[in-house]
Each structure stands twice: as structure tokens, then as C-alpha cells.
Amino acid sequence: MSTFIYMVRHGDSLKEGNERTRTLTEQGHLDAQRVTDILKKEKIDEVVSSPYIRSILTVDKLAKLIGKDVLVFEDLKERIFSLEDNRISDQELAPLLEKSFSESDFSLEGAESNADCQRRATKVLSELLKTFKNKKVVIGSHGAVMTLMMGYFNSYYDLSFLNSTTKPDIYRMEFNEHELLNVQRLWSANIGVSQ
Ligand SMILES: O=C(O)[C@H](O)COP(=O)(O)O
């Protein structure tokens, strides 16, 4: 038996407003339905999420479908890039990520480094692998924290991987206990779209 973790990066989100409460765009909501359609075939047992609304909304339809509540873990939130409550701009984020993926302890004043974020999020992931051994668990997540959790098990999941992912995205990780056996991408933007 294996344990399956499904990393789900949230869908397209509104760029204005508070980092914690920013919601999905119309496209983001449509894609959350596609995420649900893809994952309903997987016979998921549990749905957990980052506390940020855009992640919860991306996996919430699936949780409802399987009759579960979304279990929210504070330490699954996105890496804290700056002390500001609002979104860091793409222009500021790109060089910050470059530096962070080459110096894992680097952070802006008072914020988190890649190493800090990876430590707290993999602690939760480790607990989930123990608590839900041999089950299938969906995690509503974000680009950086998802990459750092995946990178903990395999260094292939680095900045180039992060830059290659989409919003939303889905990766199925198969574990034997705490050993990562393989990863498969399940998201395809064309699923459910008539050609
Ligand atoms: O997944 C991510 O990269 C973060 O949550 C930020 O995404 P957003 O700025 O599109 O919400």
C-alpha cells in the first residue's frame, strides 16, 4: 500500500487585497471545478489546505463532493515573502526567488526564508503522512511552499520547476511511509474543454 499526496496549487486569484483573504477570479472558480472533476476519479479520503482563501476555494468543492470538511493547517500557508499584508509584485518576487533558491536562509527583514518555510510545512506533511498512512490526501497549496515541500524529497523540484507550474496545478506524489516513490502531474488545462 502507498500513501498518496495530491499537491494542488490554487487557481487564478485577484491580485489586490490581503494575502490571506484574496479570492479566486472567475477563471479560478471555473478551474476549481475542473480540479474537482480530475480528483473525483482518484477516490480521495481527506482534503487539507493552507489557510489562505484562494487555496481553500480551489479544493473546497472536492471536499463537499466527498462529504468532508477542509482541514486547515496554518503552517501550510505560502512562504511569507515580506511583512506587508498585500501581495508582493511579480517584479519584486522574481529576484527574491532567484536569491532564495540559491541561498536558502535568505529572507527580507522580518519575513521567512525558503529554509524556514520548508521546515514548518514539511513538519505538517510528515504528520499527514503518519496520520493518513495508506490514504489519499489532497493539499490545497501555493507555488513556493508546494515546491519547497516537494523539493525536500527530491531536489528536482527547484526554482525552474516552480516557474514551470501553472495556476491551478496538480501533482500526485506516491509515498511508501516517508519515501517518495514517484510524482505524476494530473492537471491539464484542456481537460473538460470541448475541442
Ligand atoms: O501560488 C502562488 O504562487 C501564490 O499563492 C501567489 O499566487 P497569486 O499571487 O497568483 O495569488
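Both counts, for ligands and for their atoms, begin at 1 and track the order of listing. Since the model is a prediction, treat every value here as computed from it, not as a measurement.
- Within the structure, ring pair (Phe, Tyr, Trp, His ring centres under 6.0 Å) pairs that include any residue of residues 92-131 do not occur (at least two apart or interchain).
- Applying the side chain to side chain donor-acceptor pair (under 3.5 Å) test to Arg87 and every residue at least two apart in sequence or in another chain returns Asp90.
- Within 4.0 Å of ligand 1, the residues that place a heavy atom are Arg9, His10, Ser13, Lys15, Arg22, Arg54, Glu78, Arg87, His142, Gly143, Lys167, listed by chain and number.
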Would you give me the side-chain donor-acceptor pairs under 3.5 Å for residues 142-153, sequence neighbours excluded?
| residue | atom | partner | partner atom | Å |
| --- | --- | --- | --- | --- |
| His142 | NE2 | Ser50 | OG | 2.7 |
| His142 | NE2 | Ser55 | OG | 3.1 |
| Thr147 | OG1 | Gly143 | O | 2.8 |

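- Side chain of Glu179 to backbone of Asn176: no donor-acceptor contact under 3.5 angstrom is found.
- The side-chain tip of Lys136 points at the ring of Phe4 from less than 6.0 angstrom away and within 45° of straight on.
- Ring pair Tyr157/Phe161 is perpendicular by interplanar angle, where above 60° counts as perpendicular and below 30° as parallel.
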